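Report on the structure given below.
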There are 2 protein chains.
Amino acid sequence: MPSESSAPPPAAPPVEKRRRSSGRVTLADVAKAAGVSPITASRALRRDRGVAEALVAKVQAAADALGYVPDPAARALASSRSTHVAVLVPLLTNRLFVDLLEAVQSVLLPAGYQSLIGVTHYDAHEEELLLRSYMAHRPAGLIVTGFDRSEAGSRLVASSRLPCVHVMETSAQPDVFCVGFSQEDAGHAVTRHLVERGRRRIAFVGAQLDARVMQRLEGYRRCLRDAGRHDAALEWLDPRRSSIALGAEMFEALLARHPDVDAIFFCNDDLGQGGLLAALRLGIPVPERIAVTGFNDLEGSDQMLPPLTTVRTPRAQIGAQAATMLLGLMRGEADVPHNVDVGYELVVRGSS
Amino acid sequence: MPSESSAPPPAAPPVEKRRRSSGRVTLADVAKAAGVSPITASRALRRDRGVAEALVAKVQAAADALGYVPDPAARALASSRSTHVAVLVPLLTNRLFVDLLEAVQSVLLPAGYQSLIGVTHYDAHEEELLLRSYMAHRPAGLIVTGFDRSEAGSRLVASSRLPCVHVMETSAQPDVFCVGFSQEDAGHAVTRHLVERGRRRIAFVGAQLDARVMQRLEGYRRCLRDAGRHDAALEWLDPRRSSIALGAEMFEALLARHPDVDAIFFCNDDLGQGGLLAALRLGIPVPERIAVTGFNDLEGSDQMLPPLTTVRTPRAQIGAQAATMLLGLMRGEADVPHNVDVGYELVVRGSS
DNA sequence: CTGAAAGCGCTTACAG
DNA sequence: CTGAAAGCGCTTACAG
């Protein structure tokens with residue numbers, strides 16, 4: 001039996017019809033507590049221009065006290081701009097893009113934006129579907145990888161008129177925002193390093209064959225043509241997904257066909273690690289008999305035997321910079337740079 | 001000059017004040033085209049019960065013809081349920097969680113749900129912040145990793161009353177939904193394998209020291225105590241992030257201190273790969289002098305010299321199953337299983 | 001610098 | 001089985 005009580009039972013709450021309140025603290029509650037109108041409260045909390053200092057403080061205090069959290073759905077509906085940023089990357093299984101994403105999130109989250117991460121699997125059709133689906137969410141901005149997409153995909157990006165930053169590549173186009181580095185120059189630098197080490201039969205082993213791999217290949221070609229050592233037969237390309245196992249397989253196949261090869265430029269570190277492991281298994285001395293290089297400086301490359309020469313690509317910097325630029329664009333700032341080249345770094349280790 | 005025309009110039013559109021239309025095709029447009037009310041159109045498109053077959057077809061046809069895409073913000077505001085599912089994982093740098101996520105997305109996206117991916121970095125405070133931020137988005141459901149979180153975090157999950165599925169572990173609790181396997185049993189199985197191979201001084205090398213690593217350790221302890229071979233000095237633990245380089249470092253340190261160790265159970269494959277590479281570097285024969293095992297069967301483990309014995313964890317299956325269960329919960333289905341054990345598989349390779 | 005009115009595009013509850 | 005009214009919680013114009 002409940003303890004006795006002389007107090008009258010609490011009055012039943014007034015029956016309001018058509019009430020659907022979710023019980024959450026709304027802007028109206030904050031406004032009432034602060035003694036201002038909801039519009040003013042809205043402007044104060046968004047730090048919109050034209051609200052008196054004192055009012056801003058009062059509203060913010062009321063919001064804090066009530067534990068007010070703005071409703072993103074209501075905000076998106078009213079303003080036709082959400083706090084979502086759609087971020088499209090080819091794969092999450094490549095550590096490169098994970099590092100990129102983490103950096104993006106580390107800038108966007110504290111600024112109040114959520115990332116909608118889309119994985120395209122290097123498939124133009126998948127990318128279109130994702131773009132279409134994410135556009136329906138009225139994202140505030142867009143981050144996409146590179147410039148290589150279907151025409152429909154490009155049109156979706158352009159016609160949305162959304163702030164958009166392209167990552168991983170550079171571009172000379174004036175109407176585009178991008179952060180990256182010249183994949184072709186980096187490919188050239190790796191090849192030149194091998195040439196300078198005196199290698200004469202330098203092969204290029206590429207998988208996936210996405211736009212950036214082909215740009216690195218272009219740098220390789222340019223360098224070897226200039227050096228008078230280009231041989232198309234040494235371009236060893238496979239469209240399958242890049243992996244350690246595939247690197248090992250391609251290493252063996254290439255050497256079986258071209259035993260005179262004395263250097264291999266693997267287009268990615270996972271392939272390079274696989275090549276190094278295959279050499280170890282076959283008892284082929286690296287770098288004495290054959291030099292091996294990779295690309296991207298992925299985890300484990302420095303632990304290989306011998307450690308893998310590679311190109312360190314500043315993807316964390318790219319992600320942070322892209323997010324910062326996007327923030328600027330979304331806020332309508334005028335001085336956002338168009339084309340940021342963050343460079344790359346050749347890391348020479350024991351394998352070459 | 002335009003072609004002559006006797007028709008009067010088109011009347012200027014009526015000037016409506018306060019118009020803010022975004023120009024997008026709305027439910028009202030579809031309803032008008034189909035000759036029904038917006039409510040009926042809404043119900044027809046959502047396949048809500050109680051709409052005549054013929055009307056559903058007519059509405060759907062109109063929607064298709066107009067290219068109607070429902071506005072998620074409006075829908076979320078009106079129904080207080082979005083099409084977002086918040087998915088919290090510790091890291092994206094561990095391939096395990098990437099495979100999990102991909103599987104989740106492959107089920108959720110076709111069903112019309114978007115994932116909000118949150119990375120907690122094994123940090124209870126970060127997890128709370130993410131939870132709080134994502135809850136504001138009124139997600140339709142939640143997928144979280146394991147059961148080990150702060151009390152505030154657990155409370156956020158519970159008090160949200162949102163459909164929630166826990167992944168990677170199993171639980172006997174009746175009020176919880178989870179998909180995973182027994183980390184402790186798997187740890188026990190690895191250790192038993194080493195015991196059966198005749199190893200006597202079996203060390204456990206663990207990093208990160210999250211809940212699941214500790215459960216594997218518990219399985220290791222149980223097995224060795226039963227075998228009468230447990231020695232606490234051979235539990236080699238380090239709170240740093242798991243990596244190939246750390247595995248190599250811990251391998252060397254452990255052997256320097258305990259030269260009589262004849263087997264090492266690394267709690268994750270990246271550590272195990274590092275250990276294997278260190279052994280190679282030091283000229284320590286594996287498995288003759290020392291057996292090495294890992295956990296999770298990550299990329300490259302089968303390419304090591306010798307290939308790494310490990311436990312294959314069905315994370316793709318876990319992700320797909322968790323997403324399917326969540327779909328059931330979000331749709332209010334009654335027969336969703338509570339505790340799904342997908343098992344694991346010991347993969348014996350050359351390193352043991 | 002502040003606010004009353006209207007609207008964003010849906011769905012919920014209430015009727016019939 | 002279908003619909004007219006109201007409401008979800010914000011922000012955008014328009015005034016003053």
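All values below come from the heavy atoms of this structure, side chains included, with hydrogens, waters and symmetry mates left out. Since we're looking at a predicted model, the values are computed, not measured. In what follows, chains carry the letters A, B, and so on, assigned in the order in which the sequence lines appear, proteins first and then strands, with residues in each chain numbered from 1.
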* Taking only residues two or more places apart in sequence or in another chain, which ones pass ring-ring contact (aromatic ring centres under 6.0 Å, His included) with A/His84? -> B/His84, B/His137
* Contact summary for A/Val144 and A/Arg149, nearest pair of heavy atoms -> CB-NH2, 3.4 Å
* Asked: So which one's nearest nucleotide on DNA chain D is more toward 5', B/Pro38 or A/Ala73?
  -> B/Pro38
* Asked: Rounded to the nearest Å, what distance is computed from the CG atom of residue B/Leu77 to the C1' atom of nucleotide D/dG7?
  -> 9 Å
* Given D/dT2, C/dC8, C/dC10, the nucleotide with the shortest approach to the side chain of A/Ala78 -> C/dC8
* Starting at CG of A/Asp48 and ending at P of C/dT2, how long is that distance when rounded to a whole Å? -> 12 Å
* To do: For DNA chain D, produce a single dot-bracket line, 5' to 3'. Pairs: Watson-Crick or G-U wobble, both distances under 3.5 Å. Symbols: ( ) within strand, [ ] crossing, | other strand, . unpaired.
  => |||.||||||||.|||
* Structure fact -> Out of D/dC10, C/dG3, C/dG9, minimum distance to the side chain of A/Thr40 belongs to C/dG3
* Asked: What nucleotide, of C/dC1, D/dG3, D/dT2, holds the atom closest to the side chain of B/Ile39?
  -> D/dG3
* Across the strands shown, which category fits A/Arg43 at heavy-atom distances under 4.0 angstrom: base, sugar-phosphate, nothing? -> base
Donor-acceptor contacts under 3.5 Å from residues 320-332 of chain B side chains, at least two apart:
from     : atom 1 : to       : atom 2 : distance (Å)
B/Thr324 : OG1    : B/Ala320 : O      : 2.7

* Of B/Ala52 and A/Ala28, whose closest DNA chain D nucleotide lies nearer the 5' terminus? -> B/Ala52
* Contacts of type ring-ring contact (aromatic ring centres under 6.0 Å, His included), residue A/His338, not counting sequence neighbours -> A/Phe177
* Side chain of A/Arg46: nearest nucleotide among D/dT2, C/dG3, D/dT12? -> D/dT12
Considering only distance and modelled atom types, tabulate donor-acceptor pairs under 3.5 Å from the side chains of residues 26-40 of chain B, sequence neighbours left out.
from    : atom 1 : to      : atom 2 : distance (Å)
B/Thr26 : OG1    : B/Ala28 : N      : 3.2
B/Thr26 : OG1    : B/Asp29 : N      : 3.4
B/Thr26 : OG1    : B/Asp29 : OD2    : 3.4
B/Asp29 : OD2    : B/Thr26 : N      : 2.8
B/Ser37 : OG     : B/Thr40 : N      : 3.3
B/Ser37 : OG     : B/Thr40 : OG1    : 3.2

* Reckon A/Ser37 has a side-chain N or O less than 4.0 Å from the OP1 or OP2 of C/dG3? -> yes
* **Closest listed nucleotide, where the reference is the side chain of A/Leu27 and the choices are D/dC8, D/dC10, D/dC1** => D/dC10
* Which residues satisfy the side chain to side chain donor-acceptor pair (under 3.5 Å) test with B/Arg43, sequence neighbours excluded? -> none
